[in-house]
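Note on naming: letters A, B, ... go to the chains in the order of the sequence lines (proteins, then strands), and numbering restarts at 1 for each one.
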2 protein chains.
Amino acid sequence: MKTVEKSDAAPDPLAHLLGYHLRRLSVVVMADLTEALCPLGLKPADASVLFMIEANPGITQSDVGKALGILRANMAPLIAGLLGRGFIEREPVDGRSHALRLSAAGAALCLRAKSAVGRHEDRVFSSLSKGARARMISQLRALWMERQ
Amino acid sequence: MKTVEKSDAAPDPLAHLLGYHLRRLSVVVMADLTEALCPLGLKPADASVLFMIEANPGITQSDVGKALGILRANMAPLIAGLLGRGFIEREPVDGRSHALRLSAAGAALCLRAKSAVGRHEDRVFSSLSKGARARMISQLRALWMERQ
DNA sequence: TATTGTTATACTCTATAACTATA
DNA sequence: TATAGTTATAGAGTATAACAATA
């Protein structure tokens, strides 16, 4: 079989680097996700926090941050924004930590966000079979968790 | 076969999202690459530009930017830095664009950078077989190029 | 009129440090 | 002494707009 020549394209000295393709794909996927969530008034970090609170009602702010790799200092304004917009509620569990839960509005928004994210993933990864997608998830997950 | 229960870990509502794992892995890989290049006084973007110029001597600044997804406005200070440190040279090709080449010092640095990046990739992706690595490269590359 | 390169600038993300109050 | 949350702030990366010089 004859291979296709890229006669006009410049040689790409990064083509053999997995990390490079990981980075390029991550950038375009994040851009698409940001656009998909924008109509809901959410950024990717907002949505990930809502999902984490929905799945773990009563979780504390710092535990959300630990799970998502977001520093405490950066969680504070993020949570303040979701509180201020009425999407989450919190009650003290001891004097320093607060249990987080979705409000009714937050739960409704979370539903719409999950739908938007699902459509986003189907759009961006449509060229991968279900099996290829699952295999890639397990490989990527194992790789980042071993350095976490 | 009995599956392992994650009795103490919080449910992870993002576990099924390929984009999430892509992002988390990209972050840790970039952090490792940054650390690997730091002793050479290079950042990942610097190294990618050096590699592109080495593989395409005479390439213009804007074509480097197009190939790497870096805006012209952001290429200017990057190139100025490499010029100022004597790693690249440039000569006018017409009145507005310049052909870029590595200097001798730049070529030597490039060699060391390639070695550092190679060791970085071997370290970070050591748990993937050669075949799995190649398959993942071709899948990731196809995915980001279809949105480029 | 379009392109190359430059400057200035703004915005987002991420990181550190310092502080409080609680345990 | 360690932890939860907050604030302030600094740095990197990335984005837009405007400009000069040239094609």
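- Side-chain contact between Val49(B) and Ile79(B) is present, with at least one heavy-atom pair separated by less than 4.5 Å.
- Checking Arg72(B) against Gln61(B) by side-chain atom types alone, no donor-acceptor pair falls below 3.5 Å.
- Listed by first and then second residue, the side-chain hydrogen bond (donor to acceptor under 3.5 Å, both in side chains) pairs involving residues 128-137 of chain B are Asp122(B)-Arg133(B) (not counting sequence neighbours).
- Of the residues in residues 23-48 of chain A, those lying under 4.0 Å from DNA chain D by heavy-atom distance are Arg23(A).
- The distance between atom CZ of Arg90(B) and atom P of dT4(C), rounded to the nearest whole Å, is 14 Å.
- Not a single donor-acceptor pair under 3.5 Å links the side chain of Glu89(A) to the backbone N or O of Leu100(A).
- For the segment residues 66-75 of chain B, the set of residues with a heavy atom within less than 4.0 Å of an atom of DNA chain D comprises Leu71(B), Ala73(B), Asn74(B), in numerical order.
- Rounding to the nearest 0.5 Å gives a distance of 13.0 Å between OG of Ser26(B) and NE2 of His21(A).
- In this structure, Ile59(A) CD1 and Lys66(A) NZ are separated by 10.0 Å, a value rounded to the nearest 0.5 Å.
- The 12-atom threshold is exceeded at CZ of Arg147(B), counting heavy atoms of other residues, nucleotides or ligands nearer than 6.0 Å.
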Under 3.5 Å, sequence neighbours excluded: what are the donor-acceptor pairs made by side chains of residues 101-108 of chain B?
residue   : atom : partner   : partner atom : Å
Ser103(B) : OG   : Gly86(B)  : O            : 2.5
Ser103(B) : OG   : Phe87(B)  : O            : 3.2
Ser103(B) : OG   : Ala105(B) : N            : 3.4
Ser103(B) : OG   : Gly106(B) : N            : 2.9

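- The distance from atom OH of Tyr20(B) to atom CZ of Phe51(A), rounded to the nearest 0.5 Å, is 12.0 Å.
- Across the protein-nucleic acid pair, Glu91(A) atom CD and dG5(D) atom C1' stand 17 Å apart, rounded to whole Å.
- Counting to the nearest Å, the C1' atom of dG5(D) and the NE2 atom of His98(A) are 8 Å from each other.
- Listed for the Arg24(B) side chain is no donor-acceptor partner under 3.5 Å among the backbone atoms of Gly19(B).
- Residue pairs meeting the side-chain hydrogen bond (donor to acceptor under 3.5 Å, both in side chains) criterion with at least one member in residues 33-52 of chain B, sequence neighbours excluded, do not occur.
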Which letters describe nucleotides 18-23 of chain C, given B = protein heavy atom under 4.0 Å from base, S = only from sugar-phosphate, - = neither?
----BS
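- Between Ile79(B) atom CD1 and dT4(C) atom P there is a gap of 14 Å when expressed in whole angstrom units.
- Between dA4(D) and Thr60(A), no contact under 4.0 Å exists linking OP1 or OP2 to a side-chain N or O.
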